[in-house]
Amino acid sequence: RGARQPPFRRLRQSAGRPPLTAVLFTCAGQRVDIVSAFGRAGATTVATDLDPLAPALYHADHYAFVPRVDDPGYVAALAALVAEYDVRLIVPLTDLDQMLLARSRAALAPALALVPEPEVCERMGDKYLAHLFFEERGIPSPRSWLPADVPDDARYPLLVKVREGFGSRHIYRAHDRAELDFFLDYTTVESFVQECCRGEEFSVDLFCDLEGRCLNAIPRTMIQSKGGESIKGESVKDWELIEHACRVAEAVGIVGPANVQCFRELDGSLPVTDVNPRFGGAFPLPLAAGSRYPELALALANGERPEPTLGEFRAGVLMTRFF
């Protein structure tokens, strides 16, 4: 690419556009869908990434390179962009910097960082801690153990799952004790063990306000997934799933977007396997179903207090994703 780029700098801005609510997207990566949706909702979009080939950068009104998330200058780089563009909302697009943003609210003011409190990010980021939290709050969750605590009566197959990760990386299915021991020895990351659910899997994309009230929740089927992300699914107006996801989100302390993953088991229970406090990979489906989540986020950034609109979306919307 020739000469080295500075740690961060503005590279492009659109001309002739009136001042709008500026939204800063961190770790923009491939999330063209989210950046573009906020633009259509009336935001001035500012996308950041470490990689100059991250495609979402080039679908924003402005874009900038920033240091790595673990670089001491990362927050200062974001704060400089907040000042330069009069940013009012910061939306992380991966799990990588949620905790850091939650702990850096003062440094990023007056922009609103659309993330839960640090302890919520920590609990939901560690899938075993999340399981313990669900159990403590009476939320159904598949039986789970640390590797040394797997009981003899555990029901196979069992999953060896990374405690902190995303994209279905470092997940292995063990059909008996020998395979379980093999995968526990094989994996290179800190893991826990969880029983497999046998029912139908659902994912619920929801949005909460700054007080933790669930404003809307849109369940979808998981027709096909790849790499941990749904690529085919359908929105369903299932009130049991809507109410269940709302209870889970409000118990967890979600602020802004989240994705609740659960199964409907044969006994009617709805064990939760994951809660991701961010926009899900299948964001285009709830958007097409009428979620208006970008508009809700902009309303929060402008000091408004939207009322819940549970169930206000279109059922039967089918998504089939492509590159």
| Is the shortest distance from a Lys or Arg side-chain nitrogen in Asp238 or Arg264 to a carboxylate oxygen in the other one below 4.0 Å? | yes

| message | Would Glu312 and Arg292 count as a salt bridge (charged side-chain N to carboxylate O under 4.0 Å, His left out) here? Give the steps. | response | CA-CA 10 Å; Glu312 292 190 12; Arg292 297 183 62 81; over 6 Å; no

| message | Counting only heavy atoms not in Asp153 (residues, nucleotides, ligands), do more than 12 fall under 6.0 Å from its CG? | response | yes

| task | Show your working on side-chain contact (heavy atoms from CB on, under 4.5 Å) between Thr273 and Cys262 and close with a plain yes or no. | result | CA-CA 6 Å; Thr273 56; Cys262 65; 5.8 Å; no

| field | salt_bridge(Arg305, Glu211) N-O dist < 4.0 Å | value | yes

| Stepwise, does the side-chain contact (heavy atoms from CB on, under 4.5 Å) test hold for Thr309 with Leu215? | CA-CA 6 Å; Thr309 56; Leu215 301 181; 5.5 Å; no

| Step-by-step side-chain contact (heavy atoms from CB on, under 4.5 Å) determination, Cys208 to Arg213 | CA-CA 5 Å; Cys208 295; Arg213 297 183 307 158; over 6 Å; no

| field | Side-chain heavy atoms of Ser191 within contact of Lys161, under 4.5 Å | value | no

| note | For Trp145, the hydrophobic cluster (side chain heavy atoms closer than 4.5 Å, chained through members) also holds Val150, Tyr156, Leu158, Val160, Tyr172, Leu180, Phe182, Phe183, Leu184, Tyr186, Val193

| query | Is the backbone N or O of Gly253 less than 3.5 Å from a side-chain atom of Glu117, with the two atoms forming a donor-acceptor pair by type? | reply | no

| Note, Leu287 side chain near Arg40 side chain (heavy atom, < 4.5 Å) | yes

| query | Taking all non-hydrogen atoms of both residues, which atom of Leu100 and which atom of Ser104 are closest, and how far apart? | reply | O-OG, 2.7 Å

| query | Do Val255 and Val120 sit in the same hydrophobic cluster, where Ile, Leu, Val, Met, Phe, Trp and Tyr count as joined when their side-chain heavy atoms come under 4.5 Å apart? | reply | no

| message | For Glu179, is there an ion pair with Arg173 - N to carboxylate O distance below 4.0 angstrom? | response | no

| remark: Here the pair of heavy atoms bringing Asp51 nearest to Asp49 is N-OD1, 2.8 Å

| message | I'd like to know whether the aromatic ring centres of Phe38 and Phe25 sit less than 6.0 Å apart in this structure. | response | yes

| query | Is the closest side-chain heavy-atom distance between Arg220 and Phe202 below 4.5 Å? | reply | no

| query | Is there side-chain contact between Ile90 and Leu114, with heavy atoms separated by less than 4.5 Å? | reply | no

| query | Would Val23 and Val91 satisfy side-chain contact (heavy atoms from CB on, under 4.5 Å), going step by step from the backbone distance to the final call? | reply | CA-CA 7 Å; Val23 181; Val91 180; 3.8 Å; yes

| note | Rounded to the nearest 0.5 angstrom, the CZ-CZ distance for Phe283 and Arg31 is 7.5 Å

| request: Determine, for Phe313 and Lys237, whether the Lys NZ or Arg CZ falls below 6.0 Å from the six-membered ring centre while staying within 45 degrees of the axis. | output: yes

| field | Test item: Arg278 and Pro92 side chains (from C-beta on) under 4.5 Å apart, heavy atoms | value | no

| Where does the angle between the aromatic ring planes of Tyr58 and Tyr63 fall among parallel (under 30°), tilted (30 to 60°) and perpendicular (over 60°)? | perpendicular

| Taking 4.0 angstrom as the limit, do Arg321 and Glu229 come out as a salt bridge? | yes

| message | Evaluate Ser203 against Asn259 for side-chain hydrogen bond (donor to acceptor under 3.5 Å, both in side chains), listing each step before the verdict. | response | CA-CA 7 Å; Ser203 198; Asn259 171 258; 2.6 Å; yes

| query | Atom CD of Gln261 and atom OG of Ser225: how far apart are they, to the nearest 0.5 Å? | reply | 8.0 Å

| For the atom pair SG (Cys27) and CG (Leu96), what is the distance rounded to the nearest 0.5 Å? | 5.0 Å

| Leu146 side chain reached by Tyr128 side chain, heavy atoms, under 4.5 Å | yes

| said: I want to check something: taking the side chain as every heavy atom from C-beta on, are Pro52 and Phe65 in contact at a cut-off of under 4.5 Å? | reply: yes

| field | Separation of Gln98 CD from Leu93 CG (nearest 0.5 Å) | value | 10.0 Å

| query | Do any N or O atoms from the side chain of Ser144 and from the backbone of Pro142 form a donor-acceptor pair under 3.5 angstrom? | reply | yes

| query | Quick one: does Asp97's side chain have a donor or acceptor within less than 3.5 Å of a partner on Leu101's backbone? | reply | no

| Partners of Tyr74 by ring pair (Phe, Tyr, Trp, His ring centres under 6.0 Å), sequence neighbours excluded? | none

| Listed partners of Glu190 passing side chain to side chain contact (heavy atoms under 4.5 Å, CB included), at least two apart | Arg163

| field | Polar side-chain atom of His131 near backbone of Ser141 as donor-acceptor pair, under 3.5 Å | value | no

| Quick one: which of Glu200, Glu201, Lys232 gives a side chain to side chain contact (heavy atoms under 4.5 Å, CB included) with Met222? | Glu201

| field | Single-linkage hydrophobic cluster, 4.5 Å side-chain cutoff, Val317 and Tyr293 together | value | no

| task | Over all heavy atoms of both residues, which pair between Leu89 and Val87 is shortest? Give the atoms and the distance, please. | result | O-CG1, 3.3 Å

| remark: One should read off an interatomic distance between Leu210 CG and Leu112 CG, to the nearest 0.5 angstrom, of 5.5 Å

| Which atom of Arg88 lies closest to which atom of Pro110, heavy atoms considered | NH1-CG, 3.4 Å

| Do Val252 and Met99 share a hydrophobic cluster, counting only Ile, Leu, Val, Met, Phe, Trp and Tyr and linking them when any side-chain heavy atoms are less than 4.5 Å apart? | no

| message | Same cluster or not: Val82 versus Val46, using hydrophobic residues (I, L, V, M, F, W, Y) connected whenever any side-chain heavy atoms lie under 4.5 Å apart? | response | yes

| note | Here the pair of heavy atoms bringing Ile254 nearest to Pro277 is CD1-CB, 3.8 Å

| In terms of side-chain geometry, is the basic nitrogen of Arg103 or Glu122 positioned less than 4.0 Å from the acidic oxygen of its partner? | no

| request: Ignoring hydrogens and angles, tell me if any N or O in the side chain of Ser291 forms a donor-acceptor pair with the backbone of Pro286 under 3.5 Å. | output: yes

| said: Rounded to the nearest 0.5 Å, what separates atom CG in Asn216 from atom SG in Cys246? | reply: 7.5 Å

| field | Test log, rule side-chain hydrogen bond (donor to acceptor under 3.5 Å, both in side chains), inputs Asp61 and Thr45 | value | CA-CA 5 Å; Asp61 297 308; Thr45 55; 3.2 Å; yes

| said: Do Ile223 and Leu318 have side chains that approach each other closer than 4.5 Å (heavy atoms only, starting at C-beta)? | reply: yes

| field | Identified side chain to side chain contact (heavy atoms under 4.5 Å, CB included) counterpart of Val272 within the set Asp274, Leu270, Val275 | value | Val275

| said: Tell me whether Glu119 at atom CD has more than 12 heavy atoms from other residues, nucleotides or ligands lying less than 6.0 Å away. | reply: yes

| field | Distance-minimising heavy-atom pair for Leu285 and Ser235 | value | CD2-N, 4.0 Å

| task | Find out if a path of hydrophobic residues (ILVMFWY) with successive side-chain heavy-atom gaps under 4.5 Å connects Leu310 to Val204. | result | no

| Is the backbone of Arg155 close enough, under 3.5 Å, to the side chain of Glu195 for a donor and an acceptor to pair up by distance? | yes

